[in-house]
Amino acid sequence: MIWYPYEQMKTMNPPYKITDAGGVYLYAGKHKLIDSISSWWSVIHGYKHPALTQVICSQAEKFSHVMLGGLTHAPAEKLSQKLQEWLPGTLDYCFFSDSGSVAVEVALKMALQYYLNQGRENRTMILSLEHAYHGDTFKTMEAGDDEDYHFVLKAYGPSPYVVHIPTEIPALEKTFQQYGERLNCFLAEPLLQGAGGMRMYDISFLKRARELCDEYDVLLIFDEVATGFGRTGNRFVADLVLPDILVLGKALTGGYIGHAVTVANQKVFEGFYDDNPDHALMHGPTFMGNALACSVALKSIELFETEDYMSKIKKIEEITRREMKDFSDPRIKEIRIMGGCVCAEVWDPSSLKGYQQFAYEKGVFSRPFLNCLYAMVPYIIKEEELVKVLDTMKAWFRR
Ligand SMILES: *Cc1c(COP(=O)(O)O)cnc(C)c1O
């Protein structure tokens with residue numbers, strides 16, 4: 001049987017069985033649902049997009065996968081070339097992997113080894129944010145800060161290798177003063193912390209972080225697995241503040257196949273580029289650079305550019321602000337909106353109990369978590385479909 005994610009198998013509600021999908025819609029048999037969370041924020045072009053499906057099929061007719069150990073191929077070469085041109089600064093060196101968690105692990109390994117390769121063995125610590133979520137593998141759990149996901153780590157006691165701070169500049173400055181010489185990186189979900197509760201914060205914090213990283217010679221890592229490809233209303237937050245390492249996942253393939261990439265800048269790459277074989281990055285996920293994933297990612301980026309997705313996202317934000325403007329309820333602590341993300345944070349998570357089924361009956365798929373009732377819709381959504389998603393959220397509180 002299937003062991004489902006984040007669920008108590010004994011008491012969980014049975015999942016909805018999806019039989020078909022197209023555009024923003026999921027079909028559970030004859031029941032039609034708008035996917036308001038884009039399959040964990042990845043399906044930015046909607047389902048069954050003809051151009052995306054077509055590139056996968058034609059690549060599959062050549063080969064679906066060959067390993068990148070000792071081999072290479074055009075889809076991986078073209079995607080790395082495209083990312084190199086498309087991403088800001090010298091973020092030019094693409095290390096592919098099969099999931100966001102692994103790509104963050106790779107970034108953390110790069111940051112640690114970058115200093116080891118220089119003989120600086122005291123740089124063993126990571127700075128990250130309170131409520132951070134960077135994946136469910138062990139080091140990403142340690143860098144993360146979310147008891148709901150990561151409570152098993154309590155078995156080990158507090159980690160001496162990670163410091164968590166709130167998104168406040170004084171805390172940032174104090175931590176650099178205290179630990180600046182021992183940190184190898186500051187890892188952050190920039191502007192929008194997703195799975196830790198859809199928390200939004202100001203760019204000034206990241207600008208200050210960039211300055212302090214330069215001052216103390218610490219690498220800045222942006223985990224844009226969730227925020228990348230326009231979700232915050234910026235193409236990448238890295239366009240505003242330049243990190244040394246950028247991690248992309250989720251929407252990278254338009255949600256077609258799991259794939260992710262850790263992109264290093266020239267400074268990081270040069271920390272490994274050496275005659276000494278011991279200075280190589282010893283990592284290599286079996287399915288890194290998968291040809292189907294790379295082909296569909298390239299096509300996804302092409303659609304993002306040629307169909308001006310940034311203006312679609314602006315429109316989504318405008319409609320969301322308009323529709324939520326005069327809405328409030330005593331059970332809601334705050335409504336937050338940023339780009340293609342809207343979150344109503346409630347005081348008490350029990351006030352969201354039953355929402356999923358309520359939304360299902362209204363024709364919307366939603367999956368509240370913690371205190372968050374949120375939507376991250378596919379960017380191709382039509383105005384009336386988005387209004388329906390937001391009306392469903394409001395209707396829950398007006399019952
Ligand atoms: C989802 C997510 C990850 C983990 O990605 P997976 O593909 O699920 O391993 C890492 N970081 C952030 C910010 C995420 O939202």
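For clarity, every value in this text was computed on a predicted model and none was experimentally measured. The figures here come from the full heavy-atom set of this structure, side chains too, leaving out hydrogens, waters and symmetry mates. We count residues from 1, following the sequence as given. As the structure lists them, so they are numbered: ligands from 1, and atoms in each ligand from 1.
Between H73 and F63, the distance separating the two ring centers is shorter than 6.0 angstrom. Residues F229 and F236 place their aromatic rings such that the two centres sit under 6.0 Å apart.
Within the cation-pi definition used here (under 6.0 Å to the ring centroid, within 45° of the axis), K32 qualifies as a partner of Y25. A cation-pi arrangement is absent between K154 and F151 under the rule of less than 6.0 angstrom and at most 45 degrees off the ring axis.
Residue H134 has at least one heavy-atom neighbour below 4.0 Å for each of these atoms of ligand 1: 10 (C), 11 (N). Of all atoms in ligand 1, listed by their number and element, those nearer than 4.0 Å to a heavy atom of W41 are 15 (O). Close approach of ligand 1 to E189 is summarised as follows: ligand atoms under 4.0 Å from at least one heavy atom of the residue are 13 (C). Annotation for ligand 1: atoms under 4.0 Å from non-hydrogen atoms of D223 are 10 (C), 11 (N), 12 (C), 13 (C). For ligand 1, the atoms lying closer than 4.0 Å to a non-hydrogen atom of S99 are 7 (O), 9 (O). Within ligand 1, the atoms closer than 4.0 Å to a non-hydrogen atom of A226 are 15 (O), numbered from 1 in the order shown.
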Please evaluate residues E224 and T227 with respect to the criterion side-chain hydrogen bond (donor to acceptor under 3.5 Å, both in side chains), reporting the C-alpha separation (whole Å), side-chain torsions for both, the decisive distance (0.1 Å), and the verdict. CA-CA 5 Å; E224 294 219 50; T227 56; 2.9 Å; yes
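The shortest contact between atom 7 (O) of ligand 1 and any protein heavy atom is with G100 N, 2.8 Å. The nearest heavy-atom contact from the protein to atom 2 (C) of ligand 1 is K250 NZ, 2.5 Å.
Nearest approach of Y27 to G22, heavy atoms of both residues: CE1-N, 4.0 Å.
For ligand 1, the polar-atom distance check finds no N/O of G135 at less than 3.5 Å from any of the ligand's N/O atoms.
When atom types are taken as modelled, the side chain of T392 and the backbone of K388 share a donor-acceptor pair closer than 3.5 angstrom.
Across the listed options A143, S101, S42, S101 owns the non-hydrogen atom lying nearest to atom 4 (C) of ligand 1.
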